[in-house]
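The block underneath contains the structure these notes are about, expressed in C-alpha coordinates.
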Amino acid sequence: MTDTALNDEKPMFGNPWIFIRGVPSMEFLPPEGPTEIAFAGRSNVGKSSLINALVGQKGLARTSNTPGRTQELNYFVPDGYSGAAGDLPPMALIDMPGYGYAQAPKAHVDAWTKLVFDYLRGRATLKRVYVLIDSRHGIKPNDDDVLSLLDKAAVSYQVVLTKTDKIKAGAVPHLMAETLEKIRKRPAAFPEIVATSSEKGEGIEELRSAILTAIRN
(Lines give C-alpha, C1' and ligand atoms only; values in the text may rest on other atoms or scores of the structure.)
Protein backbone atom coordinates (compact mmCIF):
# COMPACT_ATOMS: atom_id res chain seq x y z
CA MET A 1 0.00 0.00 0.00
CA THR A 2 1.46 3.34 -1.04
CA ASP A 3 1.16 6.68 0.70
CA THR A 4 -0.34 8.04 -2.51
CA ALA A 5 -3.20 5.55 -2.33
CA LEU A 6 -3.78 6.31 1.33
CA ASN A 7 -3.80 10.05 0.72
CA ASP A 8 -6.17 9.80 -2.24
CA GLU A 9 -8.86 12.48 -2.50
CA LYS A 10 -11.42 9.74 -1.82
CA PRO A 11 -10.91 8.90 1.89
CA MET A 12 -11.46 5.34 3.05
CA PHE A 13 -13.69 6.28 5.96
CA GLY A 14 -16.14 9.09 5.31
CA ASN A 15 -17.31 8.27 1.79
CA PRO A 16 -19.83 5.51 0.94
CA TRP A 17 -18.82 1.86 0.81
CA ILE A 18 -20.43 -0.84 -1.31
CA PHE A 19 -20.87 -4.60 -1.17
CA ILE A 20 -19.19 -6.22 -4.16
CA ARG A 21 -19.28 -9.97 -3.66
CA GLY A 22 -20.29 -12.85 -1.42
CA VAL A 23 -17.80 -15.71 -1.64
CA PRO A 24 -19.24 -19.17 -0.84
CA SER A 25 -16.03 -21.05 -1.74
CA MET A 26 -12.42 -20.28 -2.63
CA GLU A 27 -12.88 -20.38 -6.42
CA PHE A 28 -15.19 -17.34 -6.19
CA LEU A 29 -12.62 -15.11 -4.50
CA PRO A 30 -12.00 -11.85 -6.40
CA PRO A 31 -8.54 -11.42 -7.96
CA GLU A 32 -5.89 -10.41 -5.46
CA GLY A 33 -5.41 -6.66 -5.61
CA PRO A 34 -6.37 -4.30 -2.78
CA THR A 35 -5.09 -4.86 0.73
CA GLU A 36 -7.64 -6.94 2.63
CA ILE A 37 -8.67 -6.47 6.26
CA ALA A 38 -10.84 -9.27 7.64
CA PHE A 39 -13.11 -9.54 10.66
CA ALA A 40 -13.51 -12.83 12.53
CA GLY A 41 -15.49 -13.74 15.61
CA ARG A 42 -18.03 -16.02 17.17
CA SER A 43 -21.55 -15.84 15.82
CA ASN A 44 -23.49 -12.97 17.41
CA VAL A 45 -20.31 -11.15 18.48
CA GLY A 46 -21.39 -8.06 16.56
CA LYS A 47 -19.24 -8.18 13.41
CA SER A 48 -21.78 -6.66 11.06
CA SER A 49 -22.67 -3.90 13.50
CA LEU A 50 -19.00 -3.07 13.97
CA ILE A 51 -18.33 -2.92 10.22
CA ASN A 52 -21.35 -0.64 9.76
CA ALA A 53 -20.10 1.65 12.55
CA LEU A 54 -16.60 1.61 11.10
CA VAL A 55 -17.70 2.88 7.69
CA GLY A 56 -20.58 4.99 9.02
CA GLN A 57 -23.31 3.15 7.10
CA LYS A 58 -26.03 1.42 9.06
CA GLY A 59 -27.15 -0.89 6.28
CA LEU A 60 -23.90 -1.98 4.63
CA ALA A 61 -23.29 -5.28 6.42
CA ARG A 62 -26.42 -7.21 7.26
CA THR A 63 -27.17 -7.62 10.94
CA SER A 64 -29.44 -10.29 12.34
CA ASN A 65 -30.71 -11.58 15.65
CA THR A 66 -30.12 -15.07 14.27
CA PRO A 67 -26.55 -16.26 14.97
CA GLY A 68 -24.79 -17.66 11.93
CA ARG A 69 -26.57 -15.47 9.37
CA THR A 70 -23.35 -14.69 7.49
CA GLN A 71 -22.42 -17.81 5.54
CA GLU A 72 -20.00 -16.34 2.99
CA LEU A 73 -16.95 -14.11 2.88
CA ASN A 74 -18.63 -10.76 2.24
CA TYR A 75 -16.47 -8.19 0.45
CA PHE A 76 -16.89 -4.43 0.90
CA VAL A 77 -14.88 -1.65 -0.77
CA PRO A 78 -15.04 2.17 -0.85
CA ASP A 79 -17.32 3.39 -3.63
CA GLY A 80 -15.99 5.38 -6.57
CA TYR A 81 -13.34 3.01 -7.95
CA SER A 82 -13.76 1.27 -11.29
CA GLY A 83 -11.85 -1.86 -10.27
CA ALA A 84 -9.61 -1.57 -13.32
CA ALA A 85 -5.90 -2.15 -12.84
CA GLY A 86 -5.16 1.56 -12.45
CA ASP A 87 -8.19 2.35 -10.31
CA LEU A 88 -8.36 -0.32 -7.62
CA PRO A 89 -9.82 0.48 -4.21
CA PRO A 90 -7.15 1.11 -1.57
CA MET A 91 -8.60 -1.55 0.70
CA ALA A 92 -11.31 -4.18 1.06
CA LEU A 93 -13.09 -5.17 4.26
CA ILE A 94 -14.13 -8.81 4.59
CA ASP A 95 -16.90 -9.96 6.92
CA MET A 96 -16.16 -13.62 7.61
CA PRO A 97 -18.73 -16.20 8.74
CA GLY A 98 -19.09 -16.44 12.48
CA TYR A 99 -17.76 -19.53 14.19
CA GLY A 100 -18.89 -21.49 17.21
CA TYR A 101 -22.62 -21.64 16.51
CA ALA A 102 -25.03 -21.37 13.63
CA GLN A 103 -28.64 -22.35 13.07
CA ALA A 104 -27.94 -24.39 9.96
CA PRO A 105 -27.29 -28.03 9.05
CA LYS A 106 -23.91 -29.28 10.24
CA ALA A 107 -22.71 -29.87 6.66
CA HIS A 108 -23.30 -26.19 5.87
CA VAL A 109 -21.53 -25.08 9.03
CA ASP A 110 -18.55 -27.31 8.23
CA ALA A 111 -18.40 -26.00 4.64
CA TRP A 112 -18.23 -22.33 5.53
CA THR A 113 -15.92 -22.97 8.49
CA LYS A 114 -13.51 -24.65 6.05
CA LEU A 115 -13.87 -21.64 3.72
CA VAL A 116 -12.75 -19.29 6.49
CA PHE A 117 -9.77 -21.43 7.41
CA ASP A 118 -8.70 -21.86 3.76
CA TYR A 119 -8.95 -18.11 3.23
CA LEU A 120 -6.83 -17.36 6.28
CA ARG A 121 -4.12 -19.77 5.17
CA GLY A 122 -3.90 -18.81 1.53
CA ARG A 123 -4.72 -15.15 0.80
CA ALA A 124 -1.57 -13.16 0.04
CA THR A 125 -3.35 -9.77 0.11
CA LEU A 126 -4.76 -10.37 3.60
CA LYS A 127 -2.96 -7.80 5.78
CA ARG A 128 -4.58 -8.29 9.16
CA VAL A 129 -7.47 -10.07 10.84
CA TYR A 130 -9.42 -8.34 13.57
CA VAL A 131 -10.68 -11.01 15.96
CA LEU A 132 -13.78 -9.80 17.74
CA ILE A 133 -14.35 -10.91 21.33
CA ASP A 134 -17.61 -10.24 23.19
CA SER A 135 -16.60 -8.23 26.26
CA ARG A 136 -19.31 -9.96 28.31
CA HIS A 137 -17.71 -13.37 27.81
CA GLY A 138 -14.00 -12.85 27.08
CA ILE A 139 -11.87 -15.34 25.14
CA LYS A 140 -13.63 -18.70 24.89
CA PRO A 141 -12.12 -22.07 23.79
CA ASN A 142 -13.28 -21.67 20.18
CA ASP A 143 -11.70 -18.20 20.12
CA ASP A 144 -8.46 -19.79 21.33
CA ASP A 145 -8.69 -22.28 18.47
CA VAL A 146 -8.94 -19.47 15.91
CA LEU A 147 -6.06 -17.55 17.50
CA SER A 148 -3.94 -20.71 17.35
CA LEU A 149 -4.82 -21.17 13.67
CA LEU A 150 -3.80 -17.58 12.93
CA ASP A 151 -0.53 -18.10 14.80
CA LYS A 152 0.15 -21.26 12.82
CA ALA A 153 -0.66 -19.53 9.52
CA ALA A 154 1.47 -16.51 10.55
CA VAL A 155 -1.43 -14.15 9.86
CA SER A 156 -1.21 -10.92 11.84
CA TYR A 157 -4.27 -10.32 14.01
CA GLN A 158 -5.51 -7.85 16.59
CA VAL A 159 -8.15 -8.49 19.25
CA VAL A 160 -11.14 -6.16 19.37
CA LEU A 161 -13.51 -6.23 22.34
CA THR A 162 -17.13 -5.61 21.33
CA LYS A 163 -20.26 -4.55 23.21
CA THR A 164 -18.38 -2.77 25.98
CA ASP A 165 -21.55 -0.80 26.69
CA LYS A 166 -22.99 -4.06 28.05
CA ILE A 167 -20.50 -4.21 30.94
CA LYS A 168 -19.61 -1.74 33.69
CA ALA A 169 -17.34 1.03 32.43
CA GLY A 170 -14.89 0.38 35.25
CA ALA A 171 -14.48 -3.23 34.13
CA VAL A 172 -13.21 -2.34 30.65
CA PRO A 173 -9.58 -1.49 31.54
CA HIS A 174 -9.29 -4.67 33.61
CA LEU A 175 -10.72 -6.77 30.78
CA MET A 176 -8.33 -5.17 28.29
CA ALA A 177 -5.34 -5.93 30.53
CA GLU A 178 -6.55 -9.47 31.16
CA THR A 179 -7.07 -10.11 27.44
CA LEU A 180 -3.67 -8.65 26.58
CA GLU A 181 -2.02 -10.98 29.08
CA LYS A 182 -3.80 -13.99 27.53
CA ILE A 183 -2.41 -13.23 24.05
CA ARG A 184 0.99 -11.92 25.18
CA LYS A 185 2.95 -15.00 24.10
CA ARG A 186 1.07 -15.58 20.85
CA PRO A 187 3.49 -14.94 17.94
CA ALA A 188 1.04 -13.39 15.44
CA ALA A 189 -0.94 -11.27 17.91
CA PHE A 190 -0.63 -7.49 17.72
CA PRO A 191 0.15 -6.32 21.27
CA GLU A 192 -2.69 -3.83 21.66
CA ILE A 193 -6.40 -4.33 22.38
CA VAL A 194 -9.15 -2.10 20.99
CA ALA A 195 -12.33 -1.81 23.09
CA THR A 196 -15.47 -0.86 21.14
CA SER A 197 -19.19 -0.33 21.36
CA SER A 198 -20.95 -0.12 18.02
CA GLU A 199 -24.09 1.11 19.74
CA LYS A 200 -22.36 3.99 21.51
CA GLY A 201 -19.68 4.64 18.90
CA GLU A 202 -16.93 4.05 21.43
CA GLY A 203 -13.53 2.93 20.14
CA ILE A 204 -14.52 3.31 16.47
CA GLU A 205 -11.99 6.07 15.74
CA GLU A 206 -9.30 4.04 17.49
CA LEU A 207 -10.16 1.03 15.32
CA ARG A 208 -10.06 3.12 12.15
CA SER A 209 -6.62 4.41 13.13
CA ALA A 210 -5.43 0.88 13.87
CA ILE A 211 -6.57 -0.31 10.43
CA LEU A 212 -4.92 2.60 8.61
CA THR A 213 -1.70 1.98 10.52
CA ALA A 214 -1.84 -1.75 9.71
CA ILE A 215 -2.18 -1.23 5.96
CA ARG A 216 0.62 1.33 5.88
CA ASN A 217 3.10 -1.08 7.46
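Since the model is a prediction, treat every value here as computed from it, not as a measurement.
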Distance-only side-chain donor-acceptor flag, [X] / [Y], under 3.5 Å:
X    : Y    : value
E27  : S25  : yes
S148 : R186 : yes
Y157 : D151 : yes

Under 3.5 Å, is there a donor-acceptor pair between the side chain of [X] and the main chain of [Y]?
X    : Y    : result
K47  : M96  : yes
N52  : G59  : no
D79  : I18  : no
S135 : T162 : yes
E32  : A124 : yes

Contact between [X] and [Y] at the side-chain level, heavy atoms closer than 4.5 Å - yes or no?
X    : Y    : result
I211 : L54  : yes
L88  : Y81  : no
L93  : F39  : yes
M176 : L180 : no
P97  : V116 : yes
N74  : F19  : yes
T196 : E202 : no
H137 : R42  : yes

Shortest non-hydrogen contact from [X] toward [Y]:
X    : Y    : value
D134 : N44  : OD2-O, 4.5 Å
V155 : L120 : CG2-O, 3.2 Å
F190 : I183 : O-CD1, 4.0 Å
T125 : P34  : CB-O, 3.6 Å
V45  : L132 : CG2-O, 3.5 Å
D87  : G80  : OD2-O, 4.2 Å

Stepwise side chain to side chain contact (heavy atoms under 4.5 Å, CB included) check, D95 with L73: CA-CA 6 Å; D95 182 9; L73 300 173; over 6 Å; no

Side chain to side chain donor-acceptor pair (under 3.5 Å) between D145 and Y99, intermediate numbers included: CA-CA 10 Å; D145 291 342; Y99 54 82; over 6 Å; no

Pi-cation contact, F13 with R208 (under 6.0 Å, within 45°):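 Yes, R208 sits over the ring of F13.
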
Nearest 0.5 Å, please: how far is [atom2] in [Y] from [atom1] in [X]?
X    : Y    : atom1 : atom2 : result
R21  : E72  : CZ    : CD    : 11.0 Å
Q158 : I37  : CD    : CD1   : 10.0 Å
S197 : K166 : OG    : NZ    : 7.5 Å
L29  : Y75  : CG    : OH    : 4.5 Å
K163 : I133 : NZ    : CD1   : 12.0 Å

With the threshold set at 4.0 Å, does a side-chain nitrogen-carboxylate oxygen contact exist between [X] and [Y]?
X    : Y    : answer
D143 : K140 : no
E36  : K127 : no
K200 : D165 : no

Verdict with reasoning, Y119 to L126, per side chain to side chain contact (heavy atoms under 4.5 Å, CB included): CA-CA 9 Å; Y119 169 74; L126 176 60; 3.6 Å; yes

Steps toward side chain to side chain contact (heavy atoms under 4.5 Å, CB included) verdict (W17, Q57): CA-CA 8 Å; W17 283 61; Q57 286 176 239; 3.5 Å; yes

Cluster link I94 to V23, ILVMFWY, side chain under 4.5 Å: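 The answer is yes; both residues are in one hydrophobic cluster.
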
L161/I193 under side chain to side chain contact (heavy atoms under 4.5 Å, CB included): CA gap, chis, key distance, verdict: CA-CA 7 Å; L161 300 175; I193 307 295; 3.8 Å; yes

